[in-house]
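Below: the structure, in structure tokens.
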Amino acid sequence: MNQPFYKRRTAKVLVVLLICFAAMQLFRPELKKQPVTADFNGPENVKVIFKKACYDCHSNETDLKWFDHLQPAYSIAVADVENGKSGLNFSEWANMAPGDQKAKLFEILNQITTGTMPLKSYQLLHHSAILSPEEIAVVKNYAAGMIKEHPADTALINTADKQFKNWKIQNTQTPELPKTLTGIPFEPDYKNWQAISSTDRTDNGTMRVVFGNPIAVKAIAEHHINPWPDGTIIAKAAWDKIEDADGNIKAGAFKQVEYMIKDSNKYKSTKGWGWARFKTMKLLPYGKNIGYTTECINCHRPVSNNDFVFTLPVKQ
Amino acid sequence: MQLKPQYSVFVLLLLVAIGCKQPNNHAGELNDAAGLPQALKFDQLGFKVITSMINKKNATMSTLYGNPGALDYSKAKADSNAKDMIFALVTWKQQDDERWFGAKIPGQFQSVEMVTSKTNGPEIQTSYKIYKGKEGKWQNDPLTEKARIKYILAQTASVMP
């Protein structure tokens, strides 16, 4: 049976698809143009790398290729740029405080080394964004050069001493427990849990102890931690590092305690975890609005295959 | 054999998926090197964290644990209203954290040092023992004992609101 081309089913389907494709092109979400106000101010060899691999989604200098302008790619690109810029915008880099810039740089590095960034979908068509080991080494060296460890100055020591004295006084009071905007209350019991690891952060001058509640500890004992069971709580407390002239480091002032609370139903929309951070002895809940959890998740993305948990637990 | 066009798309996607494999970050694994010897039954002692420290020269990190008496002592310092105290200092070699450039985490387990202080009337008896390595056993160490007891008793508790 030899029908004319326009009567064949494949042809009809093709025509319908073509019409759909054309119609889709009419839908054009707006990519807002914004000025570059405070561009990345690091060395040129590092900037070149960020420019070619990251700026399309993380700066106000988005440079879409012709195929990015075709729908549905265009909608995906616009959404990526919006999401990407909300967490990291190189065009506003210099507005960040130096400490925040450094923290962001290490976050960036860890997103790159784990292959989380640039987005896989982007690399597919933008081959120049695939970073070579040499290029990654350039970023690594730049970050490593920012690690500066030295004996603590008197200010750091005094802050720690003062805090220790006040803590002993406060110890007897039970103030009302603060809550995050997502409704997670500060959990004072973490200090009675088992330690499941500790970290020495050379990148930000803190040392940490990671605690696990009894459910977490049981999961570790049974080696069922990917995913962690519902009811798991992981708490990470951080202190300044106080280093003496011999390179002995002890814990200084308390900085913050962070929690990941597993409840795959309740926290379905945030990867099954409730996210909380309470800063300083005032236990100030972190986050200007409930969107703060996006920040938590984005930073934890390099360990998305490990139930979003960085900690490699130690069995007692 | 001729491959249908649909299959070549599939093969292409497969290749992409393989190319996109994340570098191994040991997902789901435990920190085996740092694990405490099971013979110690450390988890059954019910100790709490007192503080933690790092020794850059030796590239080690430690966590100091203790019973309630030890914790109180390290918090209050001034009034050592003689309670029974048990301190346990666990030490690991450090290793680079493969999941976070710039961080170090416990590596090979090194030792547990235990200081026990008992009151016997007006007398305070303090003893020291150390357990070295995964296949170790409790030992005395007369040479360093005094210095280690002094060091461990001198630690102040980390502030934990």
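Within every chain, numbering begins at 1; the chains are lettered A, B, ... in the order of the sequence lines, protein sequences first and strands thereafter.
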Any chance you could measure B/Asn55, atom CG, to A/Asp200, atom CG, to the nearest 0.5 Å? 11.0 Å

Heavy-atom distance under 4.5 Å between the side chains of A/Ser198 and B/Pro106, does that happen here? yes

Check whether any side-chain heavy atom of B/Ser158 lies under 4.5 Å from a side-chain heavy atom of A/Phe254, and answer yes or no. no

Please flag which part of B/Ala33 lies under 4.5 Å from any non-hydrogen atom of chain A: side chain, backbone, both or neither. neither

Counting heavy-atom pairs under 4.5 Å with chain B, which one of A/Val257, A/Ile225, A/Ile196 comes out on top? A/Ile225

When you measure from the side chain of A/Asn110 to the backbone of B/Phe101, do you find a donor-acceptor pair of N or O atoms at a distance under 3.5 Å? yes

Which bit of A/Phe211 is near chain B, if near means a heavy-atom gap under 4.5 Å: side chain, backbone, both or neither? side chain

If you count heavy-atom pairs within less than 4.5 Å of chain A, which of B/Val49, B/Asp32, B/Leu40, B/Asn58 leads? B/Val49

Would you say that more than 12 heavy atoms from the other residues, nucleotides or ligands in this model lie under 6.0 Å from the NZ of A/Lys271, or not? no

Interface check, chain B: of A/His223, A/Gln163, A/Arg208, A/Glu149, most non-hydrogen pairs under 4.5 Å belong to A/His223

If you count the non-hydrogen atoms of other residues, nucleotides and ligands that lie under 6.0 Å from CD in B/Glu135, is the total more than 12? no

Establish, from distance only, whether the side-chain atoms of A/Gln194 and B/Asp43 form a donor-acceptor pair under 3.5 Å. no

Could you look at A/Lys140 and say if it's the side chain, the backbone, both or neither that has a heavy atom under 4.5 Å from chain B? both

Engaged part of B/Tyr65 at the chain A interface, taking heavy atoms whose separation is under 4.5 Å: side chain

So, for B/Arg99 and A/Val303, which heavy atoms are closest and what is the spacing to 0.1 Å? CD-CG1, 3.9 Å

Other residues, nucleotides and ligands only: do more than 12 of their heavy atoms fall within 6.0 Å of NZ on A/Lys250? no

Is it the side chain or the backbone of A/Leu109 that comes within 4.5 Å of chain B heavy atoms, both, or neither? side chain

Which bit of A/Val309 is near chain B, if near means a heavy-atom gap under 4.5 Å: side chain, backbone, both or neither? backbone

Does atom NZ of A/Lys104 have more than 12 heavy-atom neighbours, drawn from other residues, nucleotides or ligands, at distances under 6.0 Å? yes

Non-hydrogen side-chain atoms of B/Lys104 and A/Thr202 separated by less than 4.5 Å: yes

Measure distances from A/Ile242 to the heavy atoms of chain B and classify the residue's part below 4.5 Å as side chain, backbone, both or neither. neither

Side chain, backbone, both or neither: which part of B/Gln44 has a non-hydrogen atom closer than 4.5 Å to chain A? neither

Largest heavy-atom contact set with chain A, pairs under 4.5 Å, which of B/Ile105, B/Ile54, B/Leu36: B/Ile54

Contacting moiety of B/Gln38, where chain A heavy atoms sit under 4.5 Å: side chain

B/Asn25 versus A/Asn306, side-chain donor and acceptor atoms under 3.5 Å: no

Looking at B/Gly35, B/Ser62, B/Ser52, which makes the most heavy-atom pairs under 4.5 Å with chain A? B/Ser52

Walk me through it: do A/Lys315 and B/Phe42 pass the test side-chain contact (heavy atoms from CB on, under 4.5 Å)? CA-CA 10 Å; A/Lys315 216 186 208 169; B/Phe42 195 83; over 6 Å; no

Is it the backbone or the side chain of A/Asp307 that comes under 4.5 Å from a heavy atom of chain B, or both, or neither? neither

If you apply the rule side-chain contact (heavy atoms from CB on, under 4.5 Å), what do you find for A/Gln316 with B/Phe47, and how did you get there? CA-CA 11 Å; A/Gln316 282 199 350; B/Phe47 290 164; over 6 Å; no

Kindly determine whether A/Leu312 and B/Leu30 satisfy side-chain contact (heavy atoms from CB on, under 4.5 Å), including the steps that lead there. CA-CA 6 Å; A/Leu312 189 67; B/Leu30 302 174; 5.9 Å; no

At a 4.5 Å cut-off on heavy atoms, which part of A/Glu243 comes close to chain B: side chain, backbone, both, or neither? side chain

Could you look at A/Asn192 and say if it's the side chain, the backbone, both or neither that has a heavy atom under 4.5 Å from chain B? both

Give a yes or no on this: more than 12 heavy atoms of other residues, nucleotides or ligands lie within 6.0 Å of atom NZ of B/Lys132. no

Is a side-chain donor or acceptor of B/Trp100 paired with a backbone partner of A/Phe310 at a separation under 3.5 angstrom? no

For A/Pro313 and B/Glu29, work out which heavy atoms get closest and say how close. CD-O, 3.7 Å

Taking the side chain as every heavy atom from C-beta outward, state whether A/Trp167 and B/Lys75 have any atom pair closer than 4.5 Å. yes

Which value, rounded to the nearest 0.5 Å, describes the distance between A/Met207 atom CE and B/Thr63 atom OG1? 8.0 Å

Tell me if a side-chain donor or acceptor on A/Arg201 pairs with a main-chain N or O of B/Ala103 at a distance below 3.5 Å. no

B/Lys56 and A/Asn248: side-chain donor and acceptor closer than 3.5 Å? no

Is B/Thr51 in contact with chain A via its backbone, its side chain, both, or neither, using a 4.5 Å heavy-atom distance? side chain

Heavy-atom distances under 4.5 Å only: say whether A/Ala221 touches chain B with side chain, backbone, both or neither. neither

